[in-house]
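Have a look at the structure below before the remarks.
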Amino acid sequence: MIQTVRGTRDILPEDMALWHRIEDVAREAFRRYGFSEIRTPIFEKTELFSRGVGEASDIVNKEMYTFIDRGREDREGESLTLRPENTASVVRSYIQHKMFADKSPGEVTKLYYAGPMFRRERPQAGRYRQFYQIGAEVLGASDDPAIEAESIEMLDWFLKELKIANTRLMINSVGEPAMRVEYLEKLREALKPHLADLCEDCNQRYETNALRVFDCKNEKCRSIIADMPTINDYLDQASREHFEQFRAHLDARGVEYIVNPRMVRGLDYYTRTAFEILGSDGLGAQNTLVGGGRYDKLSETLGGPPAKGFGFAFGLDRMVLSLSESEAAALRLADSPDVYIVFMGSTARSKSFLIARDLRLAGLSVLVEFEERKMKKAMAQASRSRCRYALIIGDDEVASERYGLKNLSTGEQESLGIGEIIGRLKIQQ
RNA sequence: GCGGGUAUAGCUCAGUUGGUUAGAGCGCCAGAUUGUGGCUCUGGAGGUCGUGGGUUCGAGACCCACUACCCGCCCCA
């Protein structure tokens with residue numbers, strides 16, 4: 001049997017109510033905060049990601065789905081890549097369509113996206129090779145920290161609306177790229193005398209990405225790391241002020257946060273503000289729900305004009321796992337059709353199709369039997385379909401034009417005309 | 001890329017030191033009940049025991065390889 005490839009999966013109808021709910025609430029949040037949707041291609045030139053995300057990052061080095069496009073007789077095909085994230089593409093589009101051109105200096109472009117991304121990672125709980133992200137970017141000349149605060153306020157509303165509780169907002173400033181290089185040297189200097197005491201992984205991190213030693217879970221490493229300088233100690237004056245203003249904006253909005261000076265970001269393009277929202281449980285080791293930050297150099301890196309940027313993204317897969325059992329159950333229940341039509345006999349059969357059409361024209365969600373079966377079986381099917389009502393049509397009902405409307409949860413049944421039935425069901429919707 | 005675990009009915013799982021026709025619960029189908037679901041009772045269908053090889057008189061069980069999934073590491077949303 002042919003099955004889904006490793007790290008991919010079917011999202012089945014029984015889960016779709018949960019996905020739709022998250023998408024609907026996200027779209028509502030974006031609408032309220034003035035974001036417009038953008039859809040970029042699912043594959044781009046490989047160079048976009050290697051330049052945007054960072055040549056040295058693991059994503060670019062070993063986690064991209066890259067392929068060579070078919071060329072022509074006289075030309076080699078070009079290297080293309082399934083998008084591992086969407087920020088680089090959105091910024092590319094911003095540049096390509098000159099979205100900055102008709103804007104006043106303080107005006108920003110607010111964009112959001114939703115769709116699949118691809119990374120060739122080892123699958124784990126809440127992590128897939130084709131995964132679904134919703135994210136947003138704020139691009140323009142302004143880098144006012146109110147931009148960060150507004151987006152986080154929006155996410156706060158979003159999570160509350162989905163009844164996802166016990167989340168924690170972690171914030172930090174990662175400063176400017178030049179300063180980060182300087183800090184990295186200092187950190188490595190400070191770590192060097194302790195290398196013998198650090199674990200194997202940390203020694204590896206010391207070589208490849210020293211900032212990651214802060215993520216180590218080893219007790220011994222943690223005590224050593226506690227004394228290491230943090231990136232905050234090296235922040236330039238402007239970044240420091242930006243961070244303080246950002247915090248003041250969060251305070252003013254009553255948004256709670258934890259400053260984590262050891263939080264780092266995996267992608268090269270981040271400057272200054274970085275943040276994560278951590279989920280509670282049920283996610284295993286993958287407990288970051290939302291991640292984002294400021295990237296004031298990305299536009300130039302991609303060959304565009306100077307432009308400030310801030311954005312975030314969250315994974316739908318993990319968000320679905322974060323919905324509470326009770327919320328999920330309620331969403332699934334509300335997903336079922338309004339009424340199931342049961343008929344007895346060929347005259348009623350013909351009539352039931354017409355009634356189904358009328359109910360649907362009135363905006364109701366209707367399932368109807370196609371083939372004649374015993375009424376008992378049809379009723380059992382109505383019950384199993386989780387429809388709220390069964391509409392019963394036999395010869396008597398056709399003759400009197402009064403039909404049996406049975407509430408399948410209470411068992412109550414009434415004999416009603418079609419107009420009354422529509423009225424009753426519309427109220428229940 | 002590395003480490004650990006798992007793979008038996010549609011689903012969740014049992015299956016004794018290797019022994020004859022591989023089980024349960026749920027679900028599904030039929031009947032008890034000719035126009036009324038859920039509860040109950042009775043019966044039924046449904047299995048290349050992940051794939052391939054090996055050991056053995058005999059393998060669902062033991063050994064090897066492969067594949068997939070799960071958990072963790074690296075990394076990351």
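In what follows, chains are A, B, ... by sequence order, proteins preceding strands, each numbered from 1.
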Under 4.0 angstrom between [X] side-chain N/O and [N] OP1 or OP2:
X         : N       : value
Lys376(A) : rU33(B) : no
Lys374(A) : rU33(B) : no
Arg122(A) : rG72(B) : no
Arg318(A) : rA77(B) : no

Inset, instruction - Answer yes or no for this row: Phe131(A) ring on rA77(B) base, centroids under 5.5 Å, planes under 30°. - result: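 Yes; by the centre-distance and plane-angle rule, Phe131(A) counts as stacking on rA77(B).
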
Inset, instruction - Mark yes or no: Arg272(A) above the aromatic ring of Phe243(A), with NZ or CZ under 6.0 Å from the six-membered ring centre and no more than 45 degrees from the axis. - result: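 No, a cation-pi geometry is absent between Arg272(A) and Phe243(A).
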
Legend entry - Closest contact, heavy atoms only, Ile147(A) versus Ser142(A):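 Minimum heavy-atom contact is CD1-O, 3.6 Å.
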
Legend entry - Base of rC69(B) paired with side chain of Arg6(A) (donor-acceptor, under 3.5 Å):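 Answer is no: no donor-acceptor pair is held.
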
Inset, instruction - Using only heavy-atom distances, decide whether a donor-acceptor pair under 3.5 angstrom links the side-chain of Arg384(A) to the base of rC28(B). - result: no

Inset, instruction - Could you tell me which nucleotide pairs with rC62(B) by Watson-Crick or G-U wobble geometry, both distances under 3.5 Å, or answer none if nothing does? - result: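 Because both required distances fall under 3.5 Å, rC62(B) counts as paired with rG54(B).
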
Legend entry - Any strand: nucleotide that pairs with rC75(B) via Watson-Crick or wobble, under 3.5 Å: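 For rC75(B), the partner nucleotide comes out as none, under the 3.5 Å rule.
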
At 4.0 Å (heavy atoms only), tell me whether [X] reaches a base, stays on the sugar-phosphate, or touches nothing.
X         : result
Ala382(A) : nothing
Gly411(A) : base
Lys406(A) : base
Glu121(A) : base
Gln413(A) : base

Legend entry - Check ion pair Arg373(A)-Glu371(A) (N to O, under 4.0 angstrom):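 Looking at Glu371(A) together with Arg373(A), the answer is no, because their closest N to O distance does not fall below 4.0 Å.
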
Legend entry - Interatomic distance at C1', rG44(B) relative to rA9(B), whole Å: 14 Å

